[in-house]
Every structure is written in C-alpha cells, then in structure tokens.
Amino acid sequence: MGEPPRRPRELFLAGLAAAYLAAFVSLYLQIPGLYGRDGILPARRVLRLSGKGLWEQLRDVPTLLWLGPQLGLDTEQGMELLCLLGAVASMGALLCAPLRDCLLFAVLRVFYLSLYQVGQVFLYFQWDSLLLEAGFLAVLVAPLRLFKWRSTAWRPHDSVTFWLVRWLLFRLMFASGVVKLTSRCPTWWGLTALTYHYETQCIPTPAAWYAHQLPVWFQKFSVVATYVIEIAVPLLFFMPIRRLRLFAFYCQVLLQILIILTGNYNFFNALTIVLAFSLLDEEHMGRWMGRGKRKHGSSAWPPTLLSFLSTLLELATYALLLYWSVHYFSLEIDWEKGLLESKVAFTYHEFTQWLRAVTLPLVGLGFLSLSWEILSALYRCACVRGFFWKLWATLQWAVFATATVGMFAISLVPFTYIDYESNGKLWPGIHQMFSAVERFQVVNSYGLFRRMTGVGGRPEVVLEGSYDKQSWTEIEFMYKPGNVSAAPAVVAPHQPRLDWQMWFAALAHHSSSP
C-alpha cells in the first residue's frame, strides 16, 4: 500500500498556515480604508440590526461579527480583531508543528469566513474562495493533537481525507484550462493571449517587461504549454504510477512559479503549489530532505513484469501527451525562420463536444481513485493490532470516509458548471446538498483568466484631487501601474484590493463601477 504521506501532509498544513497569515495581515492593513466608518464600503452597513435573534442572524449571514456589539466592538474593530487573532494563530501553526491541529484550522476558517461575509466586492475573488475551501479540507486533514503533544501517529483514514486536496487541485486546474476555450476569447483561440497579458495584467512585476519582449512564436507556444499543463496533465493526478504523479507535480509547480515571477497575484499561486503537495509521497519527500530510503532490489535485473509494464505505461503516457500537443495545436518547426509555429487545430464545436463527452467520465475517474483510497484505508484498519484499536480505527474510517464521499459529491455541482448538460444529469439530491452549504463556501467553482483583457490597450481610471478646486493633481496608486517611468512593484503575497477593483472598473462600463 506504500508509506502514508506524513511529510506531504505536514507540508500542506504549514503552507496553508502561511497562506492564512498572508491573507489576514494583508486584509488587516486595508480595513480602515475599505470597511471603516468613512471607508469605501463600510462593513457596518452589511450587519444591520433587524430584530432577529442571534441564531437567525448567524443562519442568514454566518459571521462572528454579530457578536461585536456584545463585546463593545463595532464591525470595523471586530474585523481588525479577527485579522489579528487569525494572524497570530496562523503564525503559530506555521512555526510550531503541534499547533497544526484540526481545531486550530477550524478556528482560522471561521475567522476568514466571518470576514468574507462582510467583505463585499473586495473579498469576492477566486483566491479567497480557494482559501476557504482549502481551509475546510484542512479541518478534515489535520490531526487532533492539541491534547496529545507527543503524538504524531498517522491515522489509517488520513490518506482518504488528504485525497480531497488532490481533487480540489484537479478541479481548479482543469476548469481554469477549459474556460479559456469555452469563453470563445479570440486571443486564447489564436494563442496570442500572452502577447497582451504581461503588460495589461493588474499588477505586473519587473520581470513581466522582459517576458513581454519574448518573440511571438514563443508566446504562442507558452499558451499551448498552458493548455497542456491545465487540461491534460491534471488527468495524471489520479494515475497509479507515482512517477506520473511526480511529473504532474513539477509541471504544476513550474507554471505557478512562472506566474509568480511575472505577476503579483498575492498568495494564490503559492496556495496552488501548497495544494500540489498532495501529489507527493513519503519517499520523494525523504529524498528532498536527504533521508531517502533505497528500496532493496530496486536495481535488480531483469525487472519484474509489474515494473516493466509500469515503465511501458509511463512512456506511453508521455508519448500520448506529445502527440496530443503536436496534433491538436499543429506544432511544426520552421527551420528556415528558426521558430516553432503553432495554431489551434480544432473548432469550438469539437471542443464542446469533447468536453461534454469527458466531464462525467472524469467524475467516474475521480470516484474510482477515491474508492481505491477508501479500500486501502480499510485494509490498514484491518492491520491495526488489538481488537479495541481495530474497532476504533474502523469507526474513524467510517466517519471520515462518509465525510469525504459527501464532500466529493457536493463538489460535483460546481465542477460540472464547465458543461451544463452534465450538471443537469447529476442526482437532484446532490444539488440540494450543495444548496444547503453554499453560503458556507465549502466548495466553489473556479476558472481563472477566462478572457484576456487589454486587447485594445490598457484602460485606466484616473483619479484627481484638489485643495482649491482650481488646480487638480492626479492621485497615483501605491501598487497599480500609473507613472510609466516607474518600474512595477513586487507586491505578493500582499493583495491591494482597491487597486484590483480599480483595474476591474477600468475594464467595465463606467455605469457598473461607481
């Protein structure tokens, strides 16, 4: 069955704590200007007293900020308190392994959900939803050890709940690749999106200027590579061959690092890498740390039949990926010009037909992978010594396996948004379950960079201020590009939320962004 991935789990929990820390500190710095009494969107307007009881208020808007008046705090002060407490707790979990406990992660998620409920448009970003969903999974994945400081035992069912992190990464990446094509954006279909992206994104980094200077053929090839990494490679997440999963891991990390180098997307890309830790295993982590174990007979010759078939399947997978890329994107080397030509070799109708054909089978693939993890965990329970401990392990397995299957079922609703016909084929009970938990942000739909912006240039909203109403001076933002003679800033993991919303406002009609 292989060693349980203890170290990948610890790395995931530590990384998630770091993401929480960045999110809480970044938001804390912006609360007065965004949500204060004289802020842009005062938070106190969201939580108006209506004569309802506390439980009714929590049911309608689940946030701890309802308790603020009882503590003598207004909404703004309550938000600041939650950010400070969340920052301290996440710092503790990042630095101290015994604090990476399911109870602490439950508290962190409640804090961030409370802020999200009153954050309005400034917190309605996909990375906020991703952090909330990953945070909920951490409650299932993290051990209960606050009262057992010396216990680091791996529970037989832990690989089942950890599988949900891999499923979340799959949904995030696959949907992000698919929506680029279903949006019918001409730049994504023409493979020219990156010729605009680096200079028109919200907050580019200094390296974005150099990336923008790359030749067009390389930019188009980069879009092809993005499609392969986001649509094809995620299928390898569920492969039984560990080398394929490791290949998929490094592909995802490479993509996220390149995005980090060329754009300021706060904690989002780092959080995606944290999710990718679910693709690692104990042996590979041991090699990272210089503690790898040599398997006895691993270099034996001739290889076993299973090893031979595994290698054959691995090579066939790489060959299929290469063929798929060359065939569907018409990759061809022009030796005379010294460049690589590429173009999309399929139509929108063909792609939507393919998407409709694979959406539900992908659900089936996920279910088979989850079933294997559940059965493997049951086998580990059966191997536990002692009747009482065997019974206790089996009881825990039943509870967490049921919770995992429930989470998987609920996630099918937002996942199948990529194809509404498949979404309509889901069992009505799953839709009802999703509707019951939707306001708690337990699962969400994703799809980043659906359409490329700035094709006709980079529009900007210019704000001017005056002391005498006669002479006006432009007000420059701290992070968003303004003065063309100033180099772009490196902002991540901080997210200047007003700068982002002003960028969106410039892209939309003036009537929709007062």
Side-chain angles (χ1 to χ4, degrees), residues 1-12 15 154 158-160 162-174 177 224-258 272-326 358 361-362 364-377 379-380:
M1 294 293 181
E3 285 188 88
R6 296 183 179 90
R7 283 180 282 205
R9 181 187 69 171
E10 287 300 309
L11 199 57
F12 162 72
W154 174 267
D158 280 346
S159 61
V160 177
F162 198 40
W163 179 91
L164 284 173
V165 180
R166 187 184 307 179
W167 174 245
L168 171 57
L169 177 67
F170 171 79
R171 288 165 39 221
L172 171 68
M173 301 310 301
F174 187 77
V224 174
T226 300
Y227 283 138
V228 174
I229 293 175
E230 291 187 343
I231 298 178
V233 172
L235 300 178
L236 305 181
F237 294 176
F238 308 112
M239 291 293 105
I241 302 175
R242 64 180 295 269
R243 287 193 298 266
L244 289 177
R245 296 195 301 272
L246 294 176
F247 170 75
F249 167 78
Y250 285 107
C251 285
Q252 303 305 319
V253 171
L254 174 63
L255 176 62
Q256 300 307 318
I257 289 178
L258 291 176
T272 305
I273 294 176
V274 169
L275 297 179
F277 292 149
S278 61
L279 300 173
L280 298 176
D281 54 38
E282 193 73 6
E283 178 185 348
H284 196 70
M285 285 289 296
R287 291 180 179 177
W288 277 8
M289 304 172 68
R291 303 174 186 174
K293 296 180 180 179
R294 284 179 171 264
K295 290 187 175 181
H296 180 71
S298 60
S299 59
W301 187 265
T304 63
L305 178 61
L306 182 61
S307 176
F308 175 76
L309 292 177
S310 174
T311 302
L312 192 63
L313 179 58
E314 182 183 357
L315 294 176
T317 301
Y318 296 143
L320 183 61
L321 275 176
L322 181 61
Y323 169 78
W324 182 87
S325 304
V326 172
V358 303
L362 287 176
L365 176 64
F367 179 75
L368 288 177
S369 177
L370 175 58
S371 299
W372 172 256
E373 293 292 345
I374 291 176
L375 293 177
S376 299
Y379 173 79
R380 287 192 290 270

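Note that the numbering runs from 1 along the sequence shown for the chain.
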S.K.: Do any N or O atoms from the side chain of Ser369 and from the backbone of Leu365 form a donor-acceptor pair under 3.5 angstrom?
M.R.: no
S.K.: Return the CZ to NE2 distance between Arg243 and His284, rounded to the nearest 0.5 Å.
M.R.: 12.5 Å
S.K.: Under the rule for side chain to side chain donor-acceptor pair (under 3.5 Å), what residues qualify as partners of Ser310, not counting sequence neighbours?
M.R.: none
S.K.: Kindly compute the distance separating CG (Leu169) from CG (Leu164), expressed to the nearest 0.5 Å.
M.R.: 12.5 Å
S.K.: Measuring from Leu255:CG to Ile273:CD1, what's the distance to the nearest 0.5 Å?
M.R.: 9.5 Å
S.K.: Is the shortest heavy-atom distance from the side chain of Phe162 to the side chain of Pro8 under 4.5 Å?
M.R.: yes
S.K.: Where do Phe174 and Pro234 come nearest, in terms of heavy atoms and distance?
M.R.: N-CG, 4.4 Å
S.K.: Using distance alone, with no hydrogens and no angle criterion, decide if Arg380 and Ser159 have a side-chain donor and acceptor under 3.5 Å apart.
M.R.: yes
S.K.: To the nearest 0.5 Å, how far apart are CZ in Arg7 and CH2 in Trp288?
M.R.: 11.5 Å
S.K.: Test Gln252 against Val233 for side-chain contact (heavy atoms from CB on, under 4.5 Å), laying out the working first.
M.R.: CA-CA 9 Å; Gln252 303 305 319; Val233 172; 3.6 Å; yes
S.K.: Could you label the plane-to-plane angle of the Phe238 and Trp163 rings as parallel, tilted or perpendicular, counting under 30° as parallel and over 60° as perpendicular?
M.R.: tilted
S.K.: Run the numbers on Leu362 and Phe170 for side-chain contact (heavy atoms from CB on, under 4.5 Å), then give the verdict.
M.R.: CA-CA 10 Å; Leu362 287 176; Phe170 171 79; 4.1 Å; yes
S.K.: Test of understanding: with ring-ring contact (aromatic ring centres under 6.0 Å, His included), list the residues that count as partners of Tyr318, not counting sequence neighbours.
M.R.: Phe247
S.K.: Given the rule in the side-chain contact (heavy atoms from CB on, under 4.5 Å) test, do Leu275 and Phe12 qualify, once you have shown the distances and angles that lead to the verdict?
M.R.: CA-CA 7 Å; Leu275 297 179; Phe12 162 72; 4.0 Å; yes
S.K.: Looking at side-chain heavy atoms only, is the closest gap between Trp324 and Val228 below 4.5 Å?
M.R.: yes
S.K.: Take atom OH in Tyr250; do more than 12 heavy atoms of anything else shown fall under 6.0 Å from it?
M.R.: yes
S.K.: Considering only NZ, NE, NH1 and NH2 on the basic side and carboxylate oxygens on the acidic side, decide whether Arg6 and Glu10 come within less than 4.0 Å.
M.R.: no
S.K.: Distance check, rounded to the nearest 0.5 Å: Met173 atom CE versus Ile229 atom CD1?
M.R.: 8.0 Å
S.K.: In Å, rounded to the nearest 0.5 Å, how long is the span from CG of Leu279 to CE of Met239?
M.R.: 12.0 Å
S.K.: Apply the test side-chain contact (heavy atoms from CB on, under 4.5 Å) to residues Thr317 and Ile241: give CA-CA distance (whole Å), side-chain angles for both, the deciding distance (0.1 Å), then the verdict.
M.R.: CA-CA 11 Å; Thr317 301; Ile241 302 175; over 6 Å; no
